[in-house]
Amino acid sequence: MINLIHSTYVALIFLCVLPSLEAAEPDTLPALQNSKAPANFQQMWKGFDPRSEPLEIEVLKEWEEDDVVLQVVRFRIGLFKGQVSKLAAIYGFPKSESGQPAKRPGLLQIHGGGQYADYKACLMNAKRGYATLSIAWAGRISAPGYLVNPNVVQLFWDGKTDDPAYRLTTDWAAVDGYHAPSRNQGNQFPSAKAAPWTLDAVESPRNSGWFLCALAARRALTFLEQQPEVDASRLGVYGHSMGGKLTIMTASDSRVKAAAPSCGGISDRDNSSELFRSTLGDDVSLKQVTCPVMFLSPANDFHGRINDLPAVVDEIQSKDWRLTCAAHHNHQDTAAYEVATLLWFDQHLKKTFHVPQTPTATLNLTSKNRIPTIAVIPDQAMPVLSVDAYYTQHGQVGNKPDDRENTTHRFWHHASLKKTTDGTWQAALPIRNTNKPLWAYANVTYKLPDSVSGAGYYYRTYTTNHFNLSSPLRMVTAEQLTAANVAATMKPTTQIESFDSDWEKEWFTYRPNDWAKTTHKLYDDVYHAPSPAKLSIEVFVQQPNQLVIVLDDYAAAVNLEANRWQRVTLSPHDFKNISGEQRITWNGIRRLKLCPLERQRAPRNSGLSSTTVGQQWKGTPPKFRHLQWEPLQAQAQ
């Protein structure tokens, strides 16, 4: 009898416990079988359905601005190691005049490392008829009355809900998809190794922050397609830097109909881990992309190297792609390039614009005078404002990460093209030597029928009435130059800049409304200083001012008198760095800048404070002429 009662009691307990056991929710991702990590793209994503779990949306803040509804939201990413992860984001869409939501295309915007989810992207896109979700995968949010900076992210981690600055934000819970800083000091996105905060106990691509954030981005697509004002058949994705890589990882989702990565998603191919390369390398995701892609790849970018673009356009499965590559730019762009993202979405999601075809650029090494030439054929479906060719001999053929200095400081010579009777633009490309490879490409600038406004890479708003398309990069090796009997005809010169004609094509700025300009000319041995020499420039100003000349980390400020051409002559020791140290020689210069003031930033952990050289400019911009080296022997004469 006692045994019978005991057995009945145990059975009753089991029946009471059974419902709770059945209710235990499985993790979003299946457990590894026999501790074997996914070895390729398909295995990495196997078992994940971005639509299977509820979103559990929270609206943390809501407001309206310029007839745009804006919200700070948070929703479920998934269940990992028994804990729910949540993604914070900013969502914005045009306010409906009728009260009934009109179906609009949806955009997913992905910030880069150190950046924030920002309301300006949602606001500016909504003004153009898009619903946009800007995701805070690193936890940082920029919105009126809802600022989550790294200090506030730390408050969230520490659970300091009583602090007035505390805000709910992205919660990765048992895993760590944060970045700059990560929640766990040892967390590294390029790593797939196991750690206490990772999904798998062995090296696995599912341990990487790249995978976690790409998974979150796919859940963000689910958020978009479930909104009543969004047409789920018209979704696009774009992002900058780390967001560029995540854009390509997300664009493999069949729900994405157009993508526009900037400064990323093309060059992450060199990880020391074979497992990482075979699952999370950029080339792996690129080979899965079938939607149309606009690549925004500044020519000097360290994270998305222009030399990888020829391989990239072969790797993607879509044949509908374009490139826009600003010469000299590194990880930033100006409006004529940034606007390509919006125009691309206008074409593929709204059908309101047609982006011209990619210009062709052909290199010829066998001209009569043995100087290489380039022939460019632009699509003239829209008014062409200019056709420009750029070429350089800086860099390795393989363009590996260890060639970073060439990558970021290479100087692109500008070649003036002339239109021929057959509709091509042609130019000669004289080179300095035949011992280095030659890279060349073309830019075509088009006039827009109407001005377009948007939010750029770093959310600064812009308006432009023109835009740029680029040809693929063409490269020939030193061996090919020699085999073609190419002649090295470009000679060293003491004239750095004449300031005539198209001189600005070989200089750059990220703020076109300011007169300050930068060039990498002195990185090219054509413009190296003779020894000994002084640096000279002539300047005209209408009001007394200070001109600042910057050579890398060294700056010199020169007082200018008004209403006369003034010749400024400087020696290396006239240039000082933030520590007050003088330049010793002209050797090794990578960057020259002319500006009204320069902020010299203190090196990390130096104990120094940043300082400013120069002052605010007064009156109209200066005029320049004759920037050159003056050999000391010539001065003596």
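Side chains are part of it too, since the values below use all heavy atoms of this structure and drop only hydrogens, waters and symmetry mates.
For Glu479, the side-chain contact (heavy atoms from CB on, under 4.5 Å) partners two or more places apart in sequence, or in a different chain, are Thr477. Under the side-chain contact (heavy atoms from CB on, under 4.5 Å) criterion, Thr489 pairs with Ile371, Pro430, Ala487, sequence neighbours left out.
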As a quick check of understanding, evaluate side-chain contact (heavy atoms from CB on, under 4.5 Å) for Met475 and Asn307, giving each step before the final call.
CA-CA 9 Å; Met475 190 202 80; Asn307 311 58; 5.6 Å; no
side-chain contact (heavy atoms from CB on, under 4.5 Å) for Val293 and Thr247? Distances and angles first, verdict last.
CA-CA 10 Å; Val293 186; Thr247 293; over 6 Å; no
Begin with the C-alpha distance, continue with both residues' side-chain angles, and end with the deciding distance and a verdict on side chain to side chain donor-acceptor pair (under 3.5 Å) for Arg255 and Thr250.
CA-CA 9 Å; Arg255 294 174 292 177; Thr250 309; over 6 Å; no
Please report the C-alpha distance between Glu538 and Arg625 in whole Å, then the side-chain angles of each, then the deciding distance to 0.1 Å, and finally whether the salt bridge (charged side-chain N to carboxylate O under 4.0 Å, His left out) criterion is met.
CA-CA 5 Å; Glu538 294 183 22; Arg625 66 187 186 189; 2.5 Å; yes
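Applying the side-chain hydrogen bond (donor to acceptor under 3.5 Å, both in side chains) test to pairs two or more places apart or on separate chains, those with a residue in residues 325-337 are Ser241-His331, Asp301-His331, His329-Asp333, Asp333-Tyr457. Listed by first and then second residue, the salt bridge (charged side-chain N to carboxylate O under 4.0 Å, His left out) pairs involving residues 515-529 are Arg432-Asp525, Glu497-Lys521, Glu504-Lys517, Glu506-Lys521 (not counting sequence neighbours). Applying the ring-ring contact (aromatic ring centres under 6.0 Å, His included) test to residues at least two apart or on different chains, the pairs with a partner in residues 481-502 are Phe499-Trp503, Phe499-Phe624. For residues 434-448, no residue pair satisfies the salt bridge (charged side-chain N to carboxylate O under 4.0 Å, His left out) rule, not counting sequence neighbours.
Proximity of the aromatic rings of His414 and Tyr391 is defined here by a centroid distance below 6.0 angstrom, and this criterion is not met. Between Tyr446 and Phe467, the ring center distance clears the sub-6.0 Å criterion. Aromatic ring centroids of Tyr390 and Trp439 lie 6.0 Å or more apart.
Here the closest heavy-atom approach between residue Ser471 and residue Pro359 is recorded as CB-O, 3.3 Å. Summarising the geometry of Ser453 relative to Arg128, their closest heavy-atom pair is O-CD, 3.3 Å, with the distance given to 0.1 Å.
Side-chain contact check for Trp617 versus Val541: some heavy-atom pair is nearer than 4.5 Å. Looking at heavy atoms from C-beta onward, Gln357 lies in side-chain contact with Arg322 at the 4.5 angstrom threshold. Between Val486 and Pro372, the closest side-chain pair of non-hydrogen atoms falls below 4.5 Å. Taking 4.5 Å as the limit, every side-chain heavy atom of Pro472 sits out of range of all side-chain heavy atoms of Val313.
Between His409 and Tyr523, the two ring planes are tilted [angle within 30° to 60°].
Under 4.0 Å is where a charged nitrogen must lie from a carboxylate oxygen, and between Asp553 and Arg583 no such pair does. Electrostatic pairing of Lys287 and Glu315 does not count as a salt bridge here, judged by no charged N lying under 4.0 Å from a carboxylate O. Salt-bridge check for Lys245 with Asp268: passed, with a basic side-chain N closer than 4.0 Å to an acidic carboxylate O. Using a cutoff of 4.0 Å between basic side-chain nitrogens and carboxylate oxygens, Asp308 and Arg305 are scored as salt-bridged.
A donor atom on one side chain and an acceptor atom on the other are found under 3.5 Å apart for Asp231 and Ser233.
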